[in-house]
Asker: 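There's a structure below that I have some questions on.
Values reported hereafter were calculated over all heavy atoms of this structure, with side chains retained and with hydrogens, waters and symmetry mates removed. Being a predicted model, the structure only gives us computed values, none of them experimental.
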Amino acid sequence: MPDERVRPARPHHKLTDDGRRMREVLTYSRRGSRFTPKQAQAWEDYAERFWLPDEAVDEPGFSLAGMFGRTAPLVVEIGSGIGESTVELASARPDHDVLAFEVWRPGVAETLRRIGEAGLTNVRMLSVDAVWSMQQLVEPDSLAGLWVFFPDPWHKKKHHKRRLVTPEFAALAASRLAPGAEWRLATDWSDYAEQMVEVLDAEPLLTGGVVERWAERPVTKFERKGLAKDREITDLLYRRVEQ
């Protein structure tokens with residue numbers, strides 16, 4: 001009998017029909033994985049509690065709600081970095097669960113440290129492909145919010161196809177948001193901001209545009225670097241239309 005389970009979510013693990021590994025165009029790259037001593041300690045202290053191994057999502061019966069052990073409005077963050085925004089925004093929303101996707105393992109460890117030190121119980125982390133997860137693990141019309149802050153701009157033109165915000169992803173994300181739910185984005189690359197607006201304005205399930213800087217979003221180390229290079233920070237807010 002063929003295996004009827006969903007194909008593995010772990011990056012580069014998609015297979016062709018004859019079993020060969022399929023080359024994928026991914027929206028991220030896996031950078032170095034070496035921990036500092038502080039990150040190594042955070043991993044030891046908190047990974048088992050707040051981070052799920054990649055293979056967990058392939059287990060029969062896996063659900064996002066099961067990660068938290070309760071039923072609560074769910075917010076997804078894609079590309080949480082070192083967790084500065086994740087922890088501050090989750091701290092202000094104890095009645096919401098926050099699922100952060102991050103593939104850079106030292107960033108995961110740093111975020112785990114921040115979660116643990118803040119005493120949060122409403123944040124979990126996954127390092128599997130976020131687009132696949134949005135397709136396979138997130139139910140339609142279910143998300144209370146989506147955060148995408150400073151996604152990789154893939155600034156070389158030949159790499160623009162790897163950017164996260166595309167018409168295909170916009171349609172997917174919009175379908176996963178609950179009616180009225182917010183999608184917050186930020187970027188420090190002006191041409192990516194223009195692409196985001198063009199793509200998201202064209203998605204019929206979304207309404208919104210460029211807004212003033214979101215006051216709740218903390219100024220992160222990454223953002224400060226962009227400002228130091230005189231890059232303009234663009235915040236966007238789109239909502240799933242009511243139907």
Asker: With the side chain counted from C-beta on, respond yes when Leu177 and Leu206 share a heavy-atom pair under 4.5 Å apart, and no when they do not.
Answerer: yes
Asker: Kindly indicate whether the side chain of Asp95, heavy atoms from C-beta on, has any atom under 4.5 Å from the side chain of Pro73.
Answerer: no
Asker: If the threshold is 4.0 Å, N to carboxylate O, is there a salt bridge linking Glu88 and Arg114?
Answerer: no
Asker: Quick one: do Glu203 and Arg240 satisfy salt bridge (charged side-chain N to carboxylate O under 4.0 Å, His left out)? Show the steps, please.
Answerer: CA-CA 10 Å; Glu203 170 49 51; Arg240 166 72 186 270; over 6 Å; no
Asker: Any side-chain hydrogen bond (donor to acceptor under 3.5 Å, both in side chains) involving residues 174-183? Give me the pairs, sequence neighbours left out, ordered by first then second residue.
Answerer: Glu182-Arg184, Glu182-Arg239
Asker: Heavy atoms, side chains only, cut-off 4.5 Å: are Leu236 and Val197 in contact?
Answerer: yes
Asker: Taking atom types as modelled, is there a side-chain donor on Arg163 or Gln195 under 3.5 Å from an acceptor on the other?
Answerer: yes
Asker: Does any non-hydrogen side-chain atom of Asn122 lie less than 4.5 Å from one of Arg70?
Answerer: yes
Asker: Please say yes or no: joined through hydrophobic side-chain contacts below 4.5 Å, possibly via intermediate residues, are Met196 and Leu205 part of one cluster?
Answerer: no
Asker: For Asp188, is there an ion pair with Lys225 - N to carboxylate O distance below 4.0 angstrom?
Answerer: no
Asker: Can you confirm if the NZ or CZ of Arg105 lies within 45° of the ring axis of Phe35 and under 6.0 Å from the centre of its six-membered ring?
Answerer: no
Asker: With a 4.5 Å heavy-atom cut-off, do Trp214 and Phe149 have their side chains touching?
Answerer: yes
Asker: Are Trp189 and Asp152 packed together at the side-chain level, in the sense that at least one heavy-atom pair is separated by less than 4.5 angstrom?
Answerer: no
Asker: Under the ring pair (Phe, Tyr, Trp, His ring centres under 6.0 Å) definition, can you give me all pairs with a residue in residues 47-68, not counting sequence neighbours?
Answerer: Trp43-Trp51
Asker: Do Val211 and Leu200 share a hydrophobic cluster (ILVMFWY, side-chain heavy atoms under 4.5 Å, transitive)?
Answerer: no
Asker: Should Glu110 and Lys221 count as an ion pair when the cut-off is N to O under 4.0 Å?
Answerer: no
Asker: Distance only, no hydrogens: is a donor on one side chain within 3.5 Å (strictly under) of an acceptor on the other, for Thr86 and Glu77?
Answerer: yes
Asker: Does a side-chain heavy-atom distance below 4.5 Å link Val138 with Leu64?
Answerer: yes
Asker: Hey, are Asp97 and Arg124 close enough for a salt bridge, meaning a charged N less than 4.0 Å from a carboxylate O?
Answerer: no
